[in-house]
Amino acid sequence: MDPRWWHTAVIYQIYPRSFQDSNGDGIGDIKGIISRLDYLHTLGINAIWLSPVYKSPNVDNGYDISDYRDIMDEFGSIEDMDELISEAAKYDIKIIMDLVVNHTSDQHPWFIEAKKGKDNKYRDYYIWRNPVDGNVPNNLRSSFGGSAWEFDKYSGQYYLHLFSKHQPDLNWENEKVRQEVWDLMNFWLEKGVGGFRMDVIDLIGKVPDEEITSNGPKLHEYLQEMNRKTFGKYDVLTVGETWGATPDIAKLFSNPERKELSMVFQFEHICLDQQEGMEKWDLKPLQIKELKRVIAKWQTALGKKGWNSLFWNNHDLPRIVSRWGNDKQYHSESAKMLAILLHMLRGTPYIYQGEEIGMTNYPISSIEEVDDIESRNMYYERLAKGYSKREILESIKAKGRDNARTPMQWDDTENAGFTKGTPWLHVNPNYHQINVKKNLENPNSIFYTYQQLIRVRKENPIITWGDFQLIENTEEEVFAYYRKLGNEKWLIVANFSESESVFSSEDVVKKVIMSNYKQNNINLSNKRLKPYEAFVVRI
Ligand code: TEU
Ligand code: CA
């Protein structure tokens with residue numbers, strides 16, 4: 001594969017609402033981000049994926065866009081955005097925009113026009129169907145609960161919304177819609193952005209009448225057209241959010257010869273702690289065996305015909321240290337173990353804000369504390385179905401999206417240094433112990449593990465380009481693998497457990513590259529592993 005900058009890059013995701021407030025209104029903003037670029041530079045990242053900052057009524061925190069060429073008032077102005085792009089460039093940091101074009105807000109002028117009637121010239125920008133037997137056209141469901149069809153009294157037709165009813169789906173069959181999207185993408189490319197993260201992009205080829213949503217027949221045709229008409233001529237990163245991707249599908253998106261995207265986010269590992277065929281709220285414990293199988297499959301299956309993204313976290317997912325690590329006694333050890341395990345894999349790593357200091361889930365005790373539309377809708381839906389409050393709150397505590405959205409913990413002053421006003425969402429009370437300032441002061445902090453992982457990646461092509469091989473005959477809780485490039489061979493070992501374990505191999509360690517417990521020498525014959533111990537060695 002031709003090397004591109006994003007093969008060796010590390011990306012940092014910012015959820016602007018919760019990153020840094022600069023004017024005391026309790027809401028993070030673009031000026032706040034600019035004031036923290038120095039911190040991100042210290043961490044060593046190459047690009048920021050910015051969750052949506054466009055004009056939005058905020059039904060789904062910016063994932064409902066009413067103007068793709070302007071900035072939400074709360075976040076600042078288009079001038080602030082230009083400044084962010086140019087200030088970040090001084091640190092060699094690129095800005096990757098969130099592209100949410102499966103749907104718009106119902107307040108977007110296109111939809112306001114479309115609702116005016118069947119003859120409106122924007123009508124066909126969206127997906128309208130007549131009632132069937134006086135009811136919804138078919139069984140399509142919204143991700144946020146209920147039918148995906150909303151009745152419009154004025155015209156007597158239904159429109160499609162795969163998310164909230166305030167997020168009507170665009171009709172990608174309509175050539176004019178596609179042209180609008182190319183235009184807005186080119187608007188941002190001309191501003192010098194570093195690429196796009198494409199929200200639920202595998203839904204754009206949907207065939208509503210056949211109840212096909214993801215991976216529709218024209219999906220790849222549209223993406224190839226997008227590539228030709230927009231970013232194809234720029235050196236940018238494009239990453240598609242694709243919940244429905246298998247390795248074969250991921251290759252269709254990311255094989256460079258097909259001229260579609262750089263890579264996709266696949267979620268197979270993320271779904272391992274939910275009951276089969278059920279929703280994410282239907283919890284089940286993670287089996288390490290399964291995690292090893294799924295990660296190894298993705299590491300090897302794409303080969304030279306595709307590229308992986310690597311992540312544990314984003315703004316939709318619970319905090320990884322609370323989820324699959326230990327946010328109490330082994331907070332630091334387990335957060336570092338998870339970081340080492342992920343960052344030594346083949347692919348482009350993504351760090352979600354606060355992950356690099358081990359931020360944890362937020363302990364809610366009632367629905368009043370929940371902001372997220374997905375959790376709130378589920379709560380009332382399941383209550384009506386007879387679930388107990390306790391059981392529903394357990395699910396939200398484990399999987400609710402607000403876990404990732406609490407304000408960034410900068411220091412131990414009021415509101416964790418996030419705002420001088422009242423924060424839009426509660427700050428996690430553990431900010432006195434877990435914050436950036438403390439991390440920067442402690443050379444053994446989680447932050448410095450992330451910093452080291454980024455540096456080691458830059459210095460060693462084996463991490464980007466080496467082959468991956470899972471070591472099969474280990475204790476179940478031990479996740480161990482080799483990376484190999486030319487004559488160089490590395491071994492990564494992680495004890496995915498709070499109990500001690502053991503790993504044994506005939507390999508001889510030439511150098512300890514890094515470890516989450518202090519050790520300069522490692523003897524691999526019957527090596528005893530401490531709780532959550534992880535190390536990387538050259539053999
Ligand atoms: O998420 C896609 C999506 O399918 C989510 O509903 C996901 O299943 C859920 O959040 C997992 O907890 C994207 C965005 O990342 C999300 O923030 C948006 O709400 C959604 O699209 C609609 O734009
Ligand atoms: Ca603000």
Side-chain angles (χ1 to χ4, degrees), residues 12-40 48-64 71-77 80 84 98 313-322 327 351-376 379 393 396-397 399-440 447:
Y12 187 90
Q13 184 190 352
I14 289 184
Y15 195 67
R17 205 169 189 77
S18 301
F19 192 62
Q20 177 69 68
D21 177 21
S22 73
N23 63 351
D25 66 355
I27 296 171
D29 45 52
I30 295 174
K31 283 200 155 56
I33 299 174
I34 295 173
S35 74
R36 295 295 187 179
L37 286 171
D38 197 52
Y39 166 72
L40 298 176
I48 294 169
W49 151 24
L50 200 58
S51 274
V53 290
Y54 317 93
K55 277 237 174 353
S56 162
N58 270 315
V59 168
D60 186 19
N61 277 348
Y63 285 89
D64 48 321
I71 302 298
M72 194 185 305
D73 290 333
E74 292 164 331
F75 289 171
S77 63
D80 293 339
L84 173 60
D98 214 314
N313 271 114
N314 66 33
H315 63 293
D316 294 332
L317 304 176
R319 293 286 181 177
I320 196 63
V321 68
S322 300
D327 60 11
I351 301 169
Y352 178 69
Q353 68 183 41
E355 180 185 335
E356 77 281 14
I357 56 167
M359 278 178 64
T360 65
N361 281 353
Y362 182 91
I364 55 152
S365 49
S366 85
I367 190 68
E368 278 69 51
E369 290 177 88
V370 178
D371 173 84
D372 171 34
I373 182 173
E374 183 188 52
S375 300
R376 294 189 67 90
Y379 181 89
L393 287 176
I396 297 181
K397 264 197 241 179
K399 295 282 187 73
R401 303 197 297 182
D402 285 351
N403 282 313
R405 301 178 180 184
T406 61
M408 182 71 180
Q409 294 164 206
W410 294 103
D411 55 38
D412 61 4
T413 64
E414 209 186 347
N415 298 321
F418 164 69
T419 179
K420 295 214 157 48
T422 308
W424 74 276
L425 185 65
H426 40 236
V427 177
N428 195 312
N430 65 18
Y431 73 87
H432 297 283
Q433 292 80 46
I434 300 175
N435 62 57
V436 167
K437 185 160 175 277
K438 269 198 145 177
N439 267 258
L440 291 176
F447 175 88

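In this chain, residues are counted from 1 in sequence order. Computed from a prediction, not measured in an experiment: that's the story for all the values here.
Looking at D64 and S56, their side chains come closer than 4.5 Å, going by heavy atoms from C-beta outward. Taking 4.5 Å as the limit, every side-chain heavy atom of Q353 sits out of range of all side-chain heavy atoms of R36. Counting heavy atoms from C-beta outward, N428 and Q409 have side chains that approach closer than 4.5 Å. Side-chain contact between Y15 and N314 is absent, with no heavy-atom pair separated by less than 4.5 Å. Within the 4.5 Å cutoff, the side chain of L440 has heavy atoms near those of the F447 side chain. Residues M408 and S18 are not in side-chain contact: their nearest non-hydrogen atoms beyond the backbone lie 4.5 Å or more apart. Put simply, the side chain of Y63 reaches to within 4.5 Å of the side chain of D98, judged on heavy atoms. The closest side-chain heavy-atom distance from H426 to T406 is below 4.5 Å.
No donor-acceptor pair under 3.5 Å is formed between the side chain of T419 and the backbone N or O of T422. Side chain of W410 to backbone of F19: a donor-acceptor contact under 3.5 angstrom is found. Under a 3.5 Å cut-off, the side chain of D21 and the backbone N or O of G32 do not form any donor-acceptor pair. Looking at D25, its side chain never comes within 3.5 Å of a backbone N or O of G421 through a donor-acceptor pair. Of the possible polar contacts, none joining the N361 side chain to the P318 backbone as a donor-acceptor pair under 3.5 Å is found. Judged purely by atom type and a 3.5 angstrom limit, N415 has no side-chain atom pairing as donor or acceptor with the backbone of F418.
The heavy-atom pair separating G354 from Y12 by the smallest distance is N-OH, 3.6 Å. Listed here is the closest heavy atom pair of P52 and G62: CB-O, 3.1 Å. Scanning both residues, D80 and G76, for their nearest heavy atoms gives OD2-CA, 3.2 Å.
Separating the CH2 atom in W424 from the CG atom in N61 is a distance of 4.5 Å, to the nearest 0.5 Å. Here D402 contributes atom CG and L425 contributes atom CG; the two are 5.0 Å apart, rounded to the nearest 0.5 Å. Note that the CD1 atom of I367 and the CZ atom of R376 stand 5.5 Å from one another [nearest 0.5 Å]. Here CZ of R319 is found 8.0 Å from OG1 of T360. Values are rounded to the nearest 0.5 Å.
Side-chain contact check for Y39 and Q20: no donor-acceptor pair (N or O, by modelled atom type) lies under 3.5 Å. Judged purely by distance below 3.5 Å, without hydrogens or angles, the side chains of Q13 and N313 never pair a donor atom with an acceptor atom. No hydrogens or angles considered: nothing links the side chains of S322 and N403 as a donor-acceptor pair under 3.5 Å.
Looking at residues two or more places apart in sequence or on another chain, you find a side-chain contact (heavy atoms from CB on, under 4.5 Å) between S375 and W281, V370, D372, I396. Contacts of K437 classified as salt bridge (Lys or Arg N to Asp or Glu O under 4.0 Å), with partners at least two apart in sequence or in another chain: E441.
By the 30° and 60° cut-offs, the orientation of the rings of H315 relative to Y352 is tilted.
Between D73 and K55 a salt bridge is recorded (basic side-chain N to carboxylate O distance below 4.0 Å). With salt bridges taken as basic N to acidic carboxylate O contacts below 4.0 Å, one links D60 and R401. Salt bridge D316/R405: present, at least one basic N to carboxylate O contact under 4.0 Å.
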